[in-house]
Each structure stands twice: as structure tokens, then as C-alpha cells.
Amino acid sequence: MVAVLPNQHPEEERLLAYATGSLGEVKSLLVATHLALCPLCRASVEAYEAECGGWFDGLGGGAEDDRWSAMLAACDARLDTAVLPPPAPRSTLPMTGPLVPEPLRGRLGRPLFDFGWNEIAPAVWLSDWTVKDAQTTGCLLRMGPGAPVPPHHHSANEMLLVLTGAFHDEYGHYRVGDVADIPADTDHYAVAEHGGDCVCLFLLDGEIRFL
Amino acid sequence: MTSVADRTNEELVSAIAVDRDRTAFAALFRQYGPKIESYALRNGAGRAAAEELVQDVMLTVWLRADSFNPALASVGTWIFTIARNRRIDRIRKETRPEIDPNDPALLPVADLPPDRVLELSEDRRILSVAMNSLSPEQSEVLRLSYFEGKTQTEIAEERNIPLGTVKTRMRLALGHLKRTLQPRMV
């Protein structure tokens, strides 16, 4: 089978921020889950990491003084007993329904449709599962076939990653793995395609106002 | 055996992985310890936290030396990614969200048609050219903002330039990257 690559990608600055480590936790979760489905963006992140490696190599000075000798001795004394930190938690649940990639699968901890859903418009729901960091809140957005998310205004960035199904908005069509990266201060609507529910990881930096 | 001074960084990492060579480790520590510390300090860590990060990262280098692949990254890039991840994990007390290469849901490069695989290496080349063709001022603003995690106000104060200049350079730098890279995404 020839794999279908995502067509819609995060903004370049998100990939740069993810590679440098300056992207927030919740946006990193969305970007990393897109990366699992997008070898193109994985290549970009690796290239940005190589740029960071160049910046990193340009840092620092000599380490010949007593302070560094003491630090080296302290580190050397720990080499024989050092152990790696535990690996990231990965989901061990059997997956039923759409297969969500890591790292999101482990954070969700259950199959995609097994959440409580709050209806915000006819056939449009938000999950009771949420993630949050200082800047961004995330949850799942579920749209029934053909169901429109009412027009709303963004005072801040919104990001969507399609996990199953498809939707379109005024900017284009989005299928599994695609990212909609919607800038602040825009009005926006979205409609799920016919053929099944569309579920997205849905991130928001600030308040959302329905028009 | 050649002396430590004659060995490349790649050879030092390999000596750690294969021979558990503490002399090679000491040479890498002297070279990269100050870079890790400087990276932590520039990202706002205190002196003690920066020293702890040096220990943490270099112990990871010791333990994970066998996972270093010189075909994928330079030693500097590899150690940077360890420093970045350990710094974030220590701050957030949580593991940085990353792909799992063994995930059955991951789309491997091997599943791509051959022409798309060629595109990947071309993409990296274009991106590297785009980064290298930024003006020194634009490149610096990107480095300070993304790599050192500084706000635009902090950059303006540190460099003694107006905030508007920082914003303009940032906009131009990101615009340049976007313009150069956009065609490859279609």
C-alpha cells in the first residue's frame, strides 16, 4: 500500500519551536502526533535540530579549571551506578476504532470514542478529556457527518489535528494527519465531511467566541 | 591507541559505547559540559540547576552512547537534543511529547514512494540553505528567541535595540523561511 501523506502542515515556526524546545507542552503534543504521520515534517524537524546543534556547538568556553575538574570527578563517580530515566508512558491498551499515533494515544489512555462528550451545537461535541499548560488548552472536537461548527471568532491561535474522518473550512480540506493552524483574530467555521464522524485534537490559546 | 586529542567526537562516542572508555568520556565532558551549562543559563536556569543539567545530560550520554548514529546527526546535534529534552522534562516534570519510532500507527519513510523519499533529503537541503541565507541579525533574533527562549522584550534589552526592530527582524526571518520552504509542501 502506498501511504498517503498529510497535505496540511503546522506553520514552519511551530516546527522550529518544537525542534528548539521552546514550544509549549500541549502544542508539542499536537506537533509530535502530526510528526508520527508526516515524514516530511520529521525531516524538517531533524534539519532544524541540526541548526540547533550548530548554535549549541558555538556555546561555552574552556573547562580546564578546578570547578570543571570537580564536576567531572563527581560525574565519573556516578557512571557505574547511573540508570536512565523511565521511558515515556506508552499505551498498552488494545486499540479499537481509529488508531491514534503516539504520543497522543498514551495521553488519551483509551479508544477515541470512549469519552464523555458535551454537545456545543447540534452534532458537535467537545470531549471531557482535556490537557492544559500555561498557554494552551486542548480537548477532542467531534463533528457528526455534515455537521457545521458554528462560525466563531478567535482572539488567539487555534490548532486542529484530524484523527479520524475529514472536515473542510474556508482554507481547505483536512484529512487524517492534517493540521489546521488558524491565526488569532480571524472568524472561522468548519464542516465535517459526509461519511462518518470527524474527531480532531483541538487546541486553543485563548477564549473562543461564537458569532 | 591514538591519544584522546587525536580522536574525533564521533570516535569518542563510539569508544564510550563499545569500550566503556572513561578517558573518552572525560574528553567529551570537558568539551560539552560548558556548552550544556551555557545553554541552561541562557534559557534562564540558575547556576545550581545548570550544573545539575550538565551531570544529567552527560550521564545520559554515557548510558545512551550506543544509540548515537553518526549518519543521522553530528555529536553536537545529538547532545543538544538530549540537553533540550532533559531540560524540558526537569521543568515540566513530564516527558516531552515525542514520536515512538516503533509505534504501529507511525508512517515510516519506507512506506513512501521513492520520489517522495528523494524529496526528503532535498527538503533538508533547502531548509539548511534557507537558514544560512538569513541575515546575521535575523539569524540572531531566531537563535535568541527559539534556542534561548527569550522574549522579544528581553532580546531588545539585551542587544540594546528598539523592540520594533526585534519584531521586524523576527517577522522577516520567519517570512523568509516560509517563502523558501512553502513550495515543497504541495
### Query
Taking C-beta and beyond as the side chain, do A:F56 and B:F147 meet within less than 4.5 Å on heavy atoms?
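Of all side-chain heavy-atom pairs linking B:F147 with A:F56, at least one is under 4.5 Å.
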
Heavy-atom distance under 4.5 Å to chain A: side chain of [X], backbone, both or neither?
{"X": "B:I88", "result": "side chain"}
{"X": "B:L72", "result": "neither"}
{"X": "B:I79", "result": "both"}
{"X": "B:P104", "result": "both"}
{"X": "B:S128", "result": "both"}

### Message
Using the rule given for side-chain contact (heavy atoms from CB on, under 4.5 Å), can you reason through B:Y146 versus A:Y48, listing the C-alpha separation, both sets of side-chain angles and the distance that settles it, and then say yes or no?
### Response
CA-CA 11 Å; B:Y146 285 85; A:Y48 284 127; over 6 Å; no

Top contributor to chain B contacts, counting heavy-atom pairs under 4.5 Å, from [options]:
{"options": "A:G177, A:C38, A:A19", "answer": "A:A19"}
{"options": "A:T20, A:L79, A:V83", "answer": "A:L79"}
{"options": "A:L104, A:D133, A:L59", "answer": "A:L59"}

Heavy-atom closest contact ([X] atom, [Y] atom, distance):
{"X": "A:C52", "Y": "B:F80", "answer": "CB-CE2, 3.3 Å"}
{"X": "A:R42", "Y": "B:L107", "answer": "NH2-O, 2.7 Å"}
{"X": "B:V109", "Y": "A:P39", "answer": "CG2-CB, 4.0 Å"}
{"X": "A:A82", "Y": "B:L63", "answer": "O-CD2, 3.5 Å"}
{"X": "B:L120", "Y": "A:A43", "answer": "CD2-CB, 4.0 Å"}

### Query
For the side chain of A:E12 and the backbone of B:L174, is there at least one donor-acceptor N/O pair under 3.5 Å apart?
no

### Task
Please check if the side chain of B:R22 supplies one atom and the backbone of A:D76 the other of a donor-acceptor pair under 3.5 Å.
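A pair under 3.5 Å: yes.
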
Less than 4.0 Å between a side-chain N and a carboxylate O, is that true for [Y] and [X]?
{"X": "B:D56", "Y": "A:R78", "result": "no"}
{"X": "A:R67", "Y": "B:E37", "result": "yes"}
{"X": "A:D57", "Y": "B:K35", "result": "no"}
{"X": "B:R143", "Y": "A:E51", "result": "no"}
{"X": "A:E11", "Y": "B:K178", "result": "yes"}
{"X": "A:R105", "Y": "B:D100", "result": "no"}
{"X": "B:R96", "Y": "A:E25", "result": "no"}

With a 4.5 Å cut-off on heavy-atom pairs, point out which of [options] contacts chain A the most.
{"options": "B:M58, B:R86, B:R125, B:R20", "answer": "B:R86"}
{"options": "B:A73, B:P97, B:A105", "answer": "B:P97"}
{"options": "B:T60, B:V75, B:I36, B:V117", "answer": "B:I36"}

#### Entry: Engaged part of A:T33 at the chain B interface, taking heavy atoms whose separation is under 4.5 Å
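Neither part, no heavy atoms under 4.5 Å.
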
### Query
With only heavy atoms counted, which part of A:L23 is less than 4.5 Å from chain B, the side chain, the backbone, both or neither?
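Backbone of A:L23 only, per the 4.5 Å heavy-atom cut-off to chain B.
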
### Query
Between A:L40 and B:R116, does a side-chain contact (heavy atoms from CB on, under 4.5 Å) hold up when you go through it step by step?
CA-CA 9 Å; A:L40 285 173; B:R116 301 305 301 252; 3.7 Å; yes

### Query
Is it true that atom CG of A:D65 has more than 12 heavy atoms of other residues, nucleotides or ligands lying nearer than 6.0 Å?
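Result for CG/A:D65: enclosed.
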
### Message
Does atom CZ (B:R64) have a neighbourhood of more than 12 heavy atoms from anything else shown, all under 6.0 Å?
### Response
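For B:R64, atom CZ is not crowded (no more than 12 foreign heavy atoms under 6.0 Å).
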
What's the separation between atom [atom1] in [X] and atom [atom2] in [Y], rounded to the nearest 0.5 Å?
{"X": "B:D103", "Y": "A:L99", "atom1": "CG", "atom2": "CG", "result": "6.5 Å"}
{"X": "B:T81", "Y": "A:E46", "atom1": "OG1", "atom2": "CD", "result": "10.5 Å"}
{"X": "B:E148", "Y": "A:S22", "atom1": "CD", "atom2": "OG", "result": "11.5 Å"}
{"X": "A:M71", "Y": "B:Q55", "atom1": "CE", "atom2": "CD", "result": "5.5 Å"}

### Step-by-step side-chain contact (heavy atoms from CB on, under 4.5 Å) determination, A:W68 to B:V54
CA-CA 11 Å; A:W68 282 100; B:V54 172; 3.9 Å; yes

### Task
Considering only heavy atoms, give the residues of residues 131-138 of chain B separated from chain A by less than 4.5 Å, sorted numerically, with 'none' for an empty result.
B:M131, B:N132

#### Entry: Proximal to chain A - members of residues 23-32 of chain B, heavy-atom separation under 4.5 Å
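Heavy-atom contacts from residues 23-32 of chain B to chain A are B:F25, B:A26, B:F29, B:R30, B:Y32.
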
